[in-house]
Amino acid sequence: MEKQYNPQEIEARWQREWDEANLFQTDLDTTRPKYYVLEMLPYPSGTLHMGHMRNYSIGDALARYKGMRGFRVLHPMGWDSFGLPAENAAIKNNRDPGEWTRANIAAMKDQLRRFGFSYDWDTEVSSCEPEYYRWNQWLFLKMYERDLAYRKKAQVNWCPECSTVLANEQVVDGRCWRHEDTEVEQRSLRQWFLRTTAYAQQLLDDHEEIEAGWPERVISMQKHWIGRSTGTEVDFKLDGSDEKVTVFTTRVDTIFGATCLILAPQHAWVEKFGLAARAQPLIESVARRDPADVEKLGIDTGRFVVNPYSGGKMPIWIGNFVLLAYGTGAIMAVPAHDQRDFEFCRKYGIPVRAVIRAVDGELADEAAMVEAFSIYGVAENSGAFSGMPSSEAIDAMNAHGEAEGFAKAAITYRLRDWGISRQRYWGTPIPMIHCEACGVVPVPEKDLPVVLPANVKLTGTGESPLKQVPEFANVECPQCAGPAQRECDTMDTFIDSSWYFYRYCDPKNDKAPFDTKKVAGWFPIDQYIGGVEHAVLHLIYARFFTKMMRDLGLITWNEPAKRLFTQGMVIRDGAKMSKSKGNVISADDFLKVHGADVARVFSLFAAPPEKDLDWNDAGVEGMQRFLTRLYRFATKHAAEGVGESAEPVTDSDRALLRKLHQTIHKITDDFDSRWHFNTSLAALMELTNDLYAQEANLSAGVLRDIVTKTVLLMGPFAPHLADELWRELGNDGFVLKQGWPEVDAALAHDDQIEIPVQVNGKLRSRLSVARGTAREEVERLAKEDSKVGPHLAGKTIRKVVVVPDKMVNIVAN
RNA sequence: GCCCGGGUGGCGAAAUCGGCAGACGCAGAGGACUUAAAAUCCUCUGUCCGCAAGGACGUGUGGGUUCGAGUCCCACCCCGGGCACCA
């Protein structure tokens, strides 16, 4: 009997049934192949947005598909629950961040449940709980033991709005990644760092292992971020002294053309020369500006260095375009062969000396130069190296410098060590103690976790809030038992998300971050899914942590995730959904009006998952119509054909069975290769349309077979509807526990096919022929075709191209 | 400036290996049912010429390769993203 589709009623009922049956519990039976599908865990802001919903709809479709294909699936979810929003909300509303966070988690978990995502909540992880963050602390201690965690005074990025330090990765165009309008300041603070640079080369090399499964874009962004360049480090002696300054250059072949040495304004020698105050305006002149708009500024220090290759004296300058953080913070300026140096030297009247000529040309006339000649050529006026091509000169000069002890080949990375100290409350306490007598002392492992104290007064002044808590801050030194101070900074929350995916495999372990054997049974992650905005933050940190944990002996592999998928953003009215733009669709409202299945199907249908999705309310109606059509058809015929043969009798039977099996083939292929679920759903719509069109001509048993398999195919996309119809058809159990429908190649096969006939590449007719018709026969039919004839009149056939079962092209003139 | 993507109807898109461009959905037009509306169902819908049959044109622009190009090659234009005074 045809029924009315009532998604809200159906969805609530099935969510209850799934819970009661523990349907999503992870199967630990190791006889079946495993599949680990992971979606990036959310920050518990309190409400799920449509970007999350899209991310999880993709992951859930995959998880359910793999489940139906016979894999035991690990499909976990958790909470990246430390972080500033909780603290800011606490200051604003005078509420405990923990209480606020846990209430948000409860609300979002309920929303996830109401979307019907197949998460195993027994593996849930929440990073703000001591059961989790104690292992952040433990890992930190292990890194400290291996000198991978260290403390140093450093120029750091300070966001006045966040009142805390930011990692380089969290600074975007000189502004805070959380506050687009807030300019980041530089402060000199003592901070904890993780030695990510120790893994720079491995992070690059191991791209090879993941290249096949990660988007090229992400790999290329990471390569650029790590920024390896090969070159030479050269020591220049201060004239009249034995002190040296080192510069890094990729073009040592140009060194005979160096006419001055330029220090970054923050370089140690600037202070040494007593010029720090004068150099300050140079620092400010480049702060948060587009480099193209910044005029080059310099200060002559009046000092000189000696060029170790040429023996010549070169003045030392300070320049605003030299970066302290890259290379050694000092450069040799070769104006003739570097455009930036050229601009600087011309402005300040520093000589230009050409030493590289084009391979088939002459040395440039320095006085007439209007721009630098910056490509490889042949060295001239370069002592013993004259006449050598650039690359040869580089090798020879490296060898010479190394022999003489003033230079050596070197590799420089753009990647910096990861500053992780945050002067905030809602994060993992750094497990260190400062003792006046013993210095920095690690908290003994047995004293972990260092628990974040509750009821802390938050003021947002920029001082670490934990300093205001004497019972936390004042502690006995573990070494000498004297009075000591705890480290009161907390860890960057990106630490939390750098290894959470391991914890899912063993979430309740209180002896170790995880059991090595348990994670080995699930890793690597078969498919990781999340937003591309994490390409250089989270995804570099996560790879770094995996390598570090491998070196600690916790795991044995190099890379956490075999495959990564980055889905597009959800856009509405031409902009990313955001509160400030007022174009947000609330998940709760949507569930009330349309239900979960409509949301899921719409988000998968409206665009292929890697592209941005334009949210369109009319399109949503269309998906509702599709689900309703399928529901009505299935319920109308639910009782028919039980126990009857599914052998085709009528032509309609054969046509629809063919369509069904072609659809199964297509969707299976989409899941296994391209993930173009928009076309999977289009195929299911076509099948549904055909069912309606042939409704009266189908044998009951065939109709039942087709409807049953269509319901199974819908399982990954609209799981509530699928289970409801599965039950309506008189079946037991859940769609998720059924096998994925098999393609019957014989049924999918078309015997009679239509092939286009072209004359000179233009479509003129179509032939209906049996599949496999011989070339000659097709050619004969094409030439005799009544629609083709007029186009051949008066012409000579020069050639006939026949692609069997595909097309015919008659070339004539 | 450098590195990635991308450009197809009114809109979201499809065309997976060089072989019928525009599947599927939205929007629109017309019709059926209805006292009426909603819902549902049916038909049409790239542009131009034509009563029609049919024809011409058509995947950012210009060239090229090919029997045949949205797809491959060269040059260019535009849009989006990433990085950016990286020595």
Side-chain angles (χ1 to χ4, degrees), chain A residues 4 172-173 215-225 227-229 231-232 247-251 254 262 264 286 289-296 319-323 325-334 337-341 343-344 374 412-414 532-533 535-536 568-569 602 605-608 610-623 625-626 628-629 632 666 669-670 673-674 676 678-686 688-689 692-693 754-766 787 790 798-803 805-812:
Chain A
Q4 280 297 312
V172 179
D173 290 335
E216 193 191 318
R217 181 153 76 117
V218 172
I219 304 255
S220 113
M221 279 166 75
Q222 291 200 352
K223 280 188 174 154
H224 200 268
W225 188 263
R228 176 189 152 111
S229 30
T232 311
V247 306
F248 175 78
T249 175
T250 54
R251 291 296 305 274
T254 66
I262 311 176
V286 289
R289 296 242 177 91
D290 183 336
D293 301 339
V294 175
E295 200 191 339
K296 291 189 171 47
N320 63 344
F321 69 102
V322 179
L323 304 174
Y326 186 76
T328 62
I331 63 162
M332 63 176 200
V334 185
H337 305 295
D338 181 286
Q339 186 59 27
R340 293 154 304 177
D341 299 346
E343 288 165 23
F344 185 86
S374 52
T412 289
Y413 298 92
R414 209 187 76 108
V532 72
E533 65 274 19
V536 290
M569 286 190 303
F602 174 72
F605 178 74
E610 73 278 6
K611 281 186 71 168
D612 286 350
L613 181 158
D614 204 340
W615 196 271
N616 170 298
D617 297 327
V620 171
E621 304 286 340
M623 289 311 102
R625 268 200 282 278
F626 163 54
T628 303
R629 266 164 77 76
R632 284 205 330 267
K666 197 210 160 352
D669 191 49
D670 278 338
S673 61
R674 297 194 311 157
H676 278 201
N678 52 333
T679 64
S680 305
L681 286 161
L684 283 161
M685 287 175 198
E686 284 185 55
T688 307
N689 291 345
Y692 271 97
E754 221 179 44
I755 61 175
V757 181
Q758 299 174 351
V759 176
N760 291 333
K762 287 201 170 136
L763 178 70
R764 296 302 178 187
S765 183
R766 295 185 172 88
K787 287 188 190 145
R798 302 290 173 194
K799 188 176 178 181
V800 179
V801 181
V802 180
V803 183
D805 295 344
K806 271 281 166 70
M807 52 78 64
V808 184
N809 188 15
I810 303 173
V811 185

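The figures here come from the full heavy-atom set of this structure, side chains too, leaving out hydrogens, waters and symmetry mates.
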Which listed nucleotide ([options]) is nearest to the side chain of [X]?
X         : options                   : answer
Asn320(A) : rG19(B), rC83(B), rC85(B) : rC85(B)
Lys666(A) : rU16(B), rA13(B), rG25(B) : rU16(B)
Met807(A) : rA27(B), rG19(B), rG54(B) : rG19(B)
Val294(A) : rC85(B), rC24(B), rC67(B) : rC85(B)
Arg764(A) : rC67(B), rA56(B), rU16(B) : rA56(B)
Phe321(A) : rA13(B), rC67(B), rC85(B) : rC85(B)
Ala618(A) : rA14(B), rU16(B), rA27(B) : rA27(B)
Arg766(A) : rC85(B), rC20(B), rA87(B) : rC20(B)

Watson-Crick or G-U wobble mate for [N], both contacts under 3.5 Å:
N       : value
rC85(B) : none
rG18(B) : none
rA29(B) : rU43(B)
rG9(B)  : none

Rounded to whole Å, how long is the line connecting atom [atom1] of [X] with atom [atom2] of [N]?
X         : N       : atom1 : atom2 : value
Ile331(A) : rC85(B) : CD1   : P     : 13 Å
Glu216(A) : rG5(B)  : CD    : C1'   : 9 Å
Lys762(A) : rC67(B) : NZ    : P     : 17 Å
Arg414(A) : rC2(B)  : CZ    : C1'   : 12 Å
Asn760(A) : rC20(B) : CG    : C1'   : 17 Å
Met569(A) : rG5(B)  : CE    : P     : 18 Å
His224(A) : rA84(B) : NE2   : P     : 8 Å
Asp805(A) : rC17(B) : CG    : C1'   : 16 Å

Sticking with atom P, work out how far rU71(B) lies from rC26(B), rounded to a whole angstrom.
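Going atom to atom, P in each nucleotide, I get 30 Å.
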
Given the P atoms of rA21(B) and rG46(B), what is the spacing between them in whole Å?
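Per the computed distance, 14 Å lies between those P atoms.
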
If you look at every strand shown and take non-hydrogen atoms under 4.0 Å, does Gly622(A) touch a base, only sugar-phosphate, or nothing?
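Sugar-phosphate contact only.
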
Just to be sure I understand the rule, does Met623(A) reach a base, reach only the sugar-phosphate, or reach nothing, if contact means heavy atoms closer than 4.0 Å?
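Sugar-phosphate, no base atom in range.
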
Should the side chain of Lys223(A) and the base of rC3(B) be counted as holding a donor-acceptor pair, with the cut-off at 3.5 Å?
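Check fails, no donor-acceptor contact within cut-off.
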
Syn versus anti for rG9(B), judged by chi lying within 90° of 0?
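Syn, which is what one calls it when the glycosidic angle falls within 90° of 0.
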
Stepwise side-chain contact (heavy atoms from CB on, under 4.5 Å) check, Arg251(A) with Asp338(A)
CA-CA 9 Å; Arg251(A) 291 296 305 274; Asp338(A) 181 286; over 6 Å; no

Phe602(A) vs Trp615(A) aromatic rings, parallel, tilted or perpendicular, using cut-offs 30° and 60°?
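Judged by the thresholds at 30° and 60°, the geometry between Phe602(A) and Trp615(A) is perpendicular.
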
Which heavy atom of Thr679(A) sits nearest a heavy atom of Lys666(A), and at what distance?
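Closest approach of Thr679(A) to Lys666(A): OG1-NZ, 3.0 Å.
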
